Amino acid sequence: MIYIALDKLDIELLPHQYATVRKVIDELDGRAILADEVGLGKTIEAGMILKEYMDKGLVKKFLILVPASLGFQWTNEMVNKLKITDIFFNRKGLAWDYWDHQIASLDMAKRENNAQYLREIDFDMVIVDEAHRLKNRNTLNWKFVNSLKKKYCLLLTATPIQNNLEELYNLISILYPDLYNDLDDFKSRYVVGKHMVKNSGDLKEELEKVMIRNTHDDTGLEFPQRHIHQVVVNLTPEERKLYNRVTEYVKTEYRRRRAGKLSILNLLTYQREICSSSFALLQTLANTDYYSPTLFEIYELAKKIKINAKMKEVERILKEVDGQVIIFTEYRATQIYIARFLEKQGYSTILFNGGFSSSGKEWIKHIFQKQKDVLISTEAGSQGLNLQFCNVIINYDLPWNPMKVEQRIGRIHRLGQTKDVHIYNLATRYTIEEKILKLLYDKINLFEKIIGEMEDIIDPGEVKTLESDIMQIIGESETDTQLEEEFNKLRDKLVKNP
């Protein structure tokens, strides 16, 4: 087959990118999940596929849906690298039918006043970046993208599975709605019970017809090594007292709410916040509208804590490493606490969170690279920030989702990195965080059974050494079968036996 864009554009594609473009066009008919590991250039792959179809006259009208913070980045790639100059970044949702070539944020496009116009347009191609946001078919994200008229469609995500196989089915059904009769048909072929997988070999073979995944090893390039350091932290006596008091409250409140069929989700939040920092819990309690005597007692205990054990570990790590460091936390109160503590110790810090615009992201990146020692970011910084000049990440607290951890690591372990990268995962001993480590490990196993190998984000050896501690906490025997069953029921177990 003759390729027009591949031959005329002054872009030197890497071998894995070239092979991806050819396979999507020659074998997958322009409908595919591009699932390369983070940092391997999915944007360029998608752009080259789009450009090739445009140059052949097969795509005249297209829509690229991205997170709002990545709109300018995508526009820059399309204009400067792919020479698609007549492209419009539709930030305000205006004149949808005027522009043939558009980039828009998914959050803005799915609003009903915008969606009603977009559903009427016959798009030749729709591209969705960070497509794991479509994992749940009950969400407006999935329903909107699925409703768009589209001849060709590319879904970009390094993490097509985050929790269970149903998420993968939901992505596939956008591309090929007739591949399976329905979800029950898919489950009957590949799912046993709620979480277990059957016929994984058959599913992998089926996926080759709809998905392409390149790993760092597949590229043939020499990537720097990834070193995982699992740091288990012992709470201070004051933190332990606070954690135990929160745990007692959670147990009591759990039983009360279950009896009354009330939500228990914020109970898990209390425990996770105290594992992050006493200041995260303090902020939540300060903003609550309801105070029981127990909650007031917990609030007073949290107020008395001035330094957290995790912070001392961060201070130790910073003294051991060379160069700049990125610290990730899920909570803004923890973010502010870390910054204030480190500034007092003489470190120059800068914060990043969801309050910054696309241009603000680039400004943060520039200031961090030129002037600062430490970037402290919430989850908002795990996408769209390319920070290859840095090679150390500290995960101050860990999310439930291993793919979010991988997104974080992808900020530095990507094309252009020249040094080995070091990842420090902090977890507090005898708390809910140890269970999170085990949950991450189990989810990675599911991912690797279906999608393929995934680079380390946690140290499997360290997780194994924690299993006996975990089992003591939840009060079950250590047989492999029972261990698997307990963590398949993790949400309830975490609250009943924290």
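Given the structure is predicted, the values throughout are model-derived calculations rather than measurements.
The line from CG of L70 to CG of L106 is 12.0 Å long, rounded to the nearest 0.5 Å. Interatomic distance, CZ of R316 versus CE of M311, reported as 12.0 Å (0.5 Å rounding). Here the CZ-CG distance, from R22 to L28, works out to 13.5 Å after rounding to the nearest 0.5 Å. L387 contributes atom CG, which lies 11.0 Å from atom CD1 of I364 (distance to the nearest 0.5 angstrom). Annotation: the span from C390 atom SG to Q369 atom CD amounts to 10.0 Å, rounded to 0.5 Å. Expressed to the nearest 0.5 Å, how far CD1 of I423 lies from CD1 of I409 amounts to 4.5 Å.
Under the ring pair (Phe, Tyr, Trp, His ring centres under 6.0 Å) criterion, Y347 pairs with no residue at all, not counting sequence neighbours. Every side chain to side chain contact (heavy atoms under 4.5 Å, CB included) that S105 has, sequence neighbours left out, goes to A68, D107, M108. A search for side chain to side chain contact (heavy atoms under 4.5 Å, CB included) contacts involving K419 returns N391, Q417, not counting sequence neighbours. Applying the ring pair (Phe, Tyr, Trp, His ring centres under 6.0 Å) criterion to W142, with sequence neighbours excluded, gives no partner residue.
When only modelled atom types and interatomic distance are considered, T20 and N214 share a side-chain donor-acceptor pair under 3.5 Å.
Between T349 and K372, the closest side-chain pair of non-hydrogen atoms is not below 4.5 Å. Side chains of V210 and L207 form a contact here, defined as non-hydrogen atoms less than 4.5 Å apart. For the pair I376 and I350, the minimum side-chain heavy-atom distance is 4.5 Å or more. Side-chain contact check for E77 versus L82: every heavy-atom pair is 4.5 Å or farther apart.
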Give the C-alpha distance, both sets of side-chain angles, the deciding distance and a yes or no for ring pair (Phe, Tyr, Trp, His ring centres under 6.0 Å) between W96 and Y117. CA-CA 7 Å; W96 290 110; Y117 292 107; 8.3 Å; no
Go through the steps to decide whether W74 and T43 satisfy the test side-chain contact (heavy atoms from CB on, under 4.5 Å), and finish with yes or no. CA-CA 8 Å; W74 266 89; T43 303; 3.8 Å; yes
As a quick check of understanding, evaluate salt bridge (Lys or Arg N to Asp or Glu O under 4.0 Å) for K42 and E45, giving each step before the final call. CA-CA 5 Å; K42 291 186 290 296; E45 290 173 354; over 6 Å; no
When you look at L342 and L318, which way does the side-chain contact (heavy atoms from CB on, under 4.5 Å) test go after all the steps? CA-CA 10 Å; L342 292 181; L318 291 179; 3.6 Å; yes
Starting from the C-alpha separation in whole Å, work towards a yes-or-no answer on side-chain contact (heavy atoms from CB on, under 4.5 Å) for K56 and M54. CA-CA 5 Å; K56 289 179 177 178; M54 290 178 67; over 6 Å; no
Determine, stepwise, if the pair N90 / Q102 fulfils side-chain hydrogen bond (donor to acceptor under 3.5 Å, both in side chains). CA-CA 7 Å; N90 198 336; Q102 298 190 64; 2.9 Å; yes
When you look at I127 and L50, which way does the side-chain contact (heavy atoms from CB on, under 4.5 Å) test go after all the steps? CA-CA 9 Å; I127 298 174; L50 170 63; 4.3 Å; yes
Hey, mind stepping through N425 and H229 against side-chain hydrogen bond (donor to acceptor under 3.5 Å, both in side chains) and telling me if it holds? CA-CA 6 Å; N425 296 323; H229 310 273; over 6 Å; no
Pair F62, F123 - check ring pair (Phe, Tyr, Trp, His ring centres under 6.0 Å), show working. CA-CA 5 Å; F62 68 77; F123 290 108; 8.9 Å; no
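Pairing each heavy atom of Y169 with each of D182, the nearest pair is OH-C, 3.2 Å. Looking at every heavy atom in both residues, G30 comes nearest to L154 through O-CD2, 4.0 Å. For the pair I432 and C275, the tightest heavy-atom approach, listed with the atom from each and the gap, is CG2-SG, 3.7 Å. For S277 against T334, the heavy-atom pair with the smallest separation is OG-OG1, 2.7 Å. Nearest heavy atom pair, residue F144 against residue S147, reads O-OG, 2.6 Å. When every heavy atom of Y53 is checked against every heavy atom of D29, the shortest pair comes out as OH-C, 3.7 Å.
A side-chain contact (heavy atoms from CB on, under 4.5 Å) with L134 is found for exactly one of N146, L155, L65, T157, namely L155.
A salt bridge between E330 and R272 is present, with a side-chain N of the basic residue lying under 4.0 Å from a carboxylate O of the acidic one. Contact check on E130 versus R133 returns no salt bridge, with no Lys/Arg side-chain nitrogen under 4.0 Å from an Asp/Glu carboxylate oxygen. Using a 4.0 Å cut-off between charged side-chain N and carboxylate O, E37 and R213 make a salt bridge. For E379 and R408, the salt-bridge test passes: some basic side-chain N is under 4.0 Å from an acidic carboxylate O.
Using the six-membered ring where Trp is involved, F89 and F72 have ring planes that are perpendicular, over 60° apart on the 30 and 60° scheme.
Counting only residues at least two apart or on different chains, no salt bridge (charged side-chain N to carboxylate O under 4.0 Å, His left out) pair has a member in residues 387-399. Residue pairs meeting the salt bridge (charged side-chain N to carboxylate O under 4.0 Å, His left out) criterion with at least one member in residues 88-105, sequence neighbours excluded, are K61-D100.
For the pair Y152 (side chain) and I25 (backbone), a donor-acceptor distance under 3.5 Å is absent. A distance-only check finds no donor-acceptor pair linking the side chain of E167 to the backbone of H132 [under 3.5 Å]. Remark: side-chain polar atoms of K365 are not paired, donor with acceptor, to backbone N or O of W363 under 3.5 angstrom. Although no hydrogens or angles enter the test, the distance criterion places a donor-acceptor pair under 3.5 Å between the side chain of K60 and the main chain of G57. For the pair R31 (side chain) and K151 (backbone), a donor-acceptor distance under 3.5 Å is present. In this structure, N395 contributes its side chain and L398 its backbone to no donor-acceptor pair below 3.5 Å. Counting only distance, with no hydrogens or angles, the side chain of Y424 and the backbone of V314 share no donor-acceptor pair below 3.5 Å. With K51 contributing its side chain and M78 its backbone, the two residues share no donor-acceptor pair below 3.5 Å. Side-chain N or O atoms of H16 include one that pairs as donor or acceptor with a backbone N or O of L40 at under 3.5 Å. When atom types are taken as modelled, the side chain of Q17 and the backbone of L14 share a donor-acceptor pair closer than 3.5 angstrom.
Judged by the 6.0 Å distance and 45° axis criteria, K310 is positioned over the aromatic ring of Y396.
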